[in-house]
**Q** 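Quick one: this structure, given as structure tokens, is what I'll be asking you about.
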Amino acid sequence: LTSLSIAYKKFKDEGRKQILFVDDAYITRVMIRKLLEEEGFDVLLAQDGIEALSKLKQYPFISAVISDLEMPKMNGITLTKKIRLMQDYY
């Protein structure tokens, strides 16, 4: 979590620390959420790219997205491409 600690310091200095974590595996979402919260991040979860896009529209304060690559419905690559097309997140 060293790189997360560096990211946290940057987010904290900028007043931002909300992360959206996207993974289709429930246990992974729970474990990563716990680790990120212990580092001081506020964490939202999504189980696939479609849900992630919905959360991004619903919660405009999200500062970063961490995503799995292989997920049903919409994978992480497609999710990244769609996020880049969104004006508020590019």
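Only this structure's heavy atoms are used, side chains among them; waters, hydrogens and symmetry mates stay out. Just so it is clear, the model here is predicted, and its values are computed rather than measured.
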**Q** Determine the minimum heavy-atom distance between I50 and K73, stating which atoms define it.
**A**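 Heavy atoms only, the tightest pair is CD1-CB, 3.7 Å.
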**Q** Please report the shortest heavy-atom distance between V43 and F21, naming the atom on each side.
**A**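 The answer is CG1-CB, 4.4 Å.
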**Q** Can you tell me how far CD1 of I19 sits from CD of E37, rounded to the nearest 0.5 angstrom?
**A**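 Interatomic distance, E37 CD to I19 CD1, rounded to 0.5 Å: 10.5 Å.
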**Q** Please round to the nearest 0.5 Å and tell me the distance separating atom CD1 of I62 and atom NZ of K55.
**A**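 It comes to 8.0 Å.
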**Q** With side chains defined as the heavy atoms from C-beta onward, is the minimum distance between T80 and S67 less than 4.5 Å?
**A**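 No, too far: nothing below the 4.5 Å cut-off.
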**Q** Nearest 0.5 angstrom please: M31 CE to L36 CG, how far?
**A**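 The CG atom of L36 is 11.5 Å from CE of M31, to the nearest 0.5 Å.
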**Q** Quick one: does any side-chain atom of R29 pair with a main-chain N or O of Q47 as donor and acceptor, under 3.5 Å?
**A**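 Side chain of R29 to backbone of Q47, a donor-acceptor pair under 3.5 Å: no, none is there.
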**Q** Let me see the working for M74 and D48 under side-chain contact (heavy atoms from CB on, under 4.5 Å), right down to the final yes or no.
**A** CA-CA 6 Å; M74 182 187 297; D48 58 51; 5.6 Å; no
**Q** What about Y59 and V65, same hydrophobic cluster or not, with Ile/Leu/Val/Met/Phe/Trp/Tyr joined at side-chain heavy-atom distances under 4.5 Å?
**A**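 Yes, Y59 connects to V65 through the hydrophobic network.
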**Q** State, to 0.1 Å, how close K17 and S63 come at their nearest heavy-atom pair, and which atoms those are.
**A**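 In terms of heavy atoms, the two residues are closest at N-OG, 4.0 Å.
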**Q** Within the structure provided, determine whether N75 and E70 are in side-chain contact (heavy-atom separation under 4.5 Å).
**A**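 Side chain of N75 against side chain of E70, heavy atoms only: no contact under 4.5 Å found.
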**Q** Report yes if the side chains of I77 and L69 come closer than 4.5 Å at any heavy-atom pair, otherwise no.
**A**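 I77 vs L69: side chains touch.
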**Q** Can you tell me how far apart OG1 (T78) and CD1 (I83) are? Round to the nearest 0.5 Å.
**A**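 Output value for this atom pair is 11.0 Å.
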**Q** Measuring only between side-chain heavy atoms, which start at C-beta, is M86 closer than 4.5 Å to L53?
**A**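 SC-SC contact between M86 and L53 confirmed.
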**Q** Which heavy atom in L20 sits nearest to a heavy atom in A52, and how many Å separate them?
**A**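 Minimum heavy-atom contact is CD2-O, 3.6 Å.
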**Q** Could you give the distance from CG (D24) to CD (E51), rounded to the nearest 0.5 Å?
**A**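 The CG atom of D24 sits 11.5 Å away from the CD atom of E51.
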**Q** Find out whether I32 and D23 are in side-chain contact, i.e. whether some heavy atom of one side chain is under 4.5 Å from a heavy atom of the other.
**A**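 The answer is no; the side chains never approach within 4.5 Å.
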**Q** Any side-chain heavy atom of E38 within less than 4.5 Å of one from L35?
**A**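 Touching, per the 4.5 Å side-chain cut-off.
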